[in-house]
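Okay, so here's the structure we're looking at.
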Amino acid sequence: MGAEKSIIIGSDHAAYDLKENIKAYLLQTGHTVEDVGASGNQSVHYPEYGGKVAGRISEGEFTKGILMCGTGLGMSMVANRYPGVRAALCNGLFAAAMSRRHNDANILVMGGRVIGIDLAREIVRVFLETPFEGGRHQLRIDLFDRIP
Ligand code: RB5
């Protein structure tokens with residue numbers, strides 16, 4: 001599955017079970033996985049885990065990441081504060097494909113209280129397999145850097 005073989009993932013408590021399932025799926029499909037936590041269902045603060053993943057994407061250590069919280073909203077807000085991060089909340093397959101084709105998203109975000117395991121796995125597969133189309137979409141992404 002996909003060209004990206006080394007994936008960094010993280011979640012809060014609300015999506016811990018989803019993270020564990022997605023980690024197993026990634027390992028089964030030949031990826032290496034860096035898991036920054038959370039490490040259980042006890043309550044934690046999602047900005048801390050979102051920052052751990054987004055920071056390392058921003059620094060170029062990983063090219064693709066996956067973040068999960070209850071809705072996916074908080075993790076999206078946090079991750080998109082980091083330079084160079086394009087985090088896409090995808091709770092469906094069309095968004096997952098388009099986030100790659102048009103937005104060159106480098107972090108997939110999902111809501112563990114929103115979608116089921118089978119759909120989440122399929123979203124991950126589509127996200128990792130779908131290439132960026134470049135061209136006019138690259139020009140638009142370059143405009144992000146003009147935002148003060
Ligand atoms: C945790 O209760 C919840 O607020 C968090 O997982 C996430 O949904 C925030 O956006």
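Order of listing sets the numbers, starting from 1, for every ligand and every atom in it. Every heavy atom of this structure was used, including side-chain atoms; hydrogens, water molecules and symmetry mates were not.
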> Against heavy atoms of Ala14, which atoms of ligand 1 measure under 4.0 Å?
Replying inline: 6 (O)
> Would a 4.0 Å cut-off, counted as strictly less than, catch a protein heavy atom around atom 4 (O) of ligand 1?
Replying inline: no
> Side chain or backbone of Asp12 under 4.0 Å from ligand 1, or both, or neither, by non-hydrogen atoms?
Replying inline: side chain
> Near Gly74, which atoms of ligand 1 are under 4.0 Å from a heavy atom of that residue?
Replying inline: 9 (C), 10 (O)
>> Test your reading of the structure: does Tyr46 have an N or O sitting under 3.5 Å from an N or O of ligand 1?
In response: no
> Who are the side chain to side chain donor-acceptor pair (under 3.5 Å) partners of Arg101, not counting sequence neighbours?
Replying inline: Glu133
>> Could you check whether any side-chain N or O of Arg56 sits under 3.5 Å from a backbone N or O of Phe62, counting only pairs where one atom can act as donor and the other as acceptor?
In response: no
> Where on Arg113 is there a heavy atom closer than 4.0 Å to ligand 1, on the side chain, on the backbone, on both, or on neither?
Replying inline: side chain
>> So, taking the atom named CD1 in Ile8 and the one named CD1 in Ile66, what distance separates them when rounded to the nearest 0.5 Å?
In response: 11.0 Å
> Which heavy atom of the protein is the closest neighbour of atom 8 (O) of ligand 1, given with residue, atom name and distance?
Replying inline: Thr71 N, 2.9 Å
>> Distance to the ring centre below 6.0 angstrom and angle to the axis at most 45 degrees; does that hold for Lys19 and Tyr16?
In response: no
> To which of Cys69, Ser43, Gly72 does the heavy atom nearest atom 7 (C) of ligand 1 belong?
Replying inline: Cys69
>> Return the CD1 to CG distance between Ile123 and Asp118, rounded to the nearest 0.5 Å.
In response: 11.0 Å
> Counting from 1, what ligand 1 atoms have a heavy atom of Gly70 closer than 4.0 Å?
Replying inline: 5 (C), 6 (O), 7 (C), 8 (O)
>> Test of understanding: with ring-ring contact (aromatic ring centres under 6.0 Å, His included), list the residues that count as partners of His102, not counting sequence neighbours.
In response: His137
> Would you call Glu122 and Arg125 a salt bridge, taking side-chain N to carboxylate O under 4.0 Å as the test?
Replying inline: yes
